[in-house]
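See structure below.
For the numbers below, each heavy atom of this structure counts, side chains included, while hydrogens, waters and symmetry mates do not. Order of listing sets the numbers, starting from 1, for every ligand and every atom in it.
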Amino acid sequence: MSTLYGILLFGATVAFMEAFAYGMHRWVMHGRLGWLLHASHHRERHGPFELNDLYAVIFAAPSIALIWMGTTGGWGPPAVWIGAGIAVYGAIYFGFHDIIVHRRIAHRVVPRSRYFKRIVQAHRLHHAVETREGTVSFGFIYAPPVERLKALLRKGDRSGVRAPKGGSTDLHD
Ligand SMILES: [Zn+2]
Ligand SMILES: [Zn+2]
């Protein structure tokens, strides 16, 4: 297998993982069963971990299996490129989502580019809602324009919208 083909497969896997993560987040993690773990991510965390972190373990499993089977199990290079794509998507997600947005590791990074600001704001809007239903923005490395997300959020069921300290649920900032 040529390296070029491998790199294409790798890139396609990273893109596919964004679509896959969107679907999982929207329909499984915010579904009745998946919410059992994901609810912990929509509440205040006490301690370094939350139940939702188990999803990282679940998503890592196919990546580890593919790289393992590709290197020692006879599945060959395509399995390694796909496994690496899943792993790199996981690393990007962890960097943006857990470190930049949720600050699980202290840092001084301030999002300056338009793209960066947009994905951070989009995910904050996802967290404006603490209930299973009624939230917006399920993807991560792609996010629709923030204004569109705000409009969607205003239109939706507001019962789960977090009331900020002042008691207002105004979404303008
Ligand atoms: Zn969520
Ligand atoms: Zn989050």
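When NE2 of His41 and NE2 of His123 are joined through the Zn ion (ligand 2), the resulting angle is 160° to the nearest 10°. Our summary of the site lists the angle at the Zn ion (ligand 2) between NE2 of His102 and NE2 of His97 as 90°, to the nearest 10 degrees.
Rounding to the nearest 0.5 Å gives a distance of 13.5 Å between CD1 of Ile64 and CZ of Phe59. Put simply, CG on Asn52 and CH2 on Trp35 are 9.0 Å apart, with the number rounded to the nearest 0.5 Å.
When each of His97, His107, His42 is tested with His102 by the rule ring pair (Phe, Tyr, Trp, His ring centres under 6.0 Å), just one qualifies, namely His97.
Residue side and main chain included, His42 places no N/O/S atom under 2.8 Å of the Zn ion (ligand 2). Here His38 reaches the Zn ion (ligand 1): one of its N/O/S atoms is less than 2.8 Å from the metal. One of the N, O or S atoms belonging to His126 lies under 2.8 Å away from the Zn ion (ligand 1).
In this structure, Tyr89 and Tyr93 have tilted ring planes: the angle between them lies in the 30° to 60° band.
Nearest to the Zn ion (ligand 1), among the N, O or S atoms that His25 has, is NE2.
Checked by atom type and distance alone, the side chain of Thr135 pairs as donor or acceptor with a backbone atom of His126 at under 3.5 Å.
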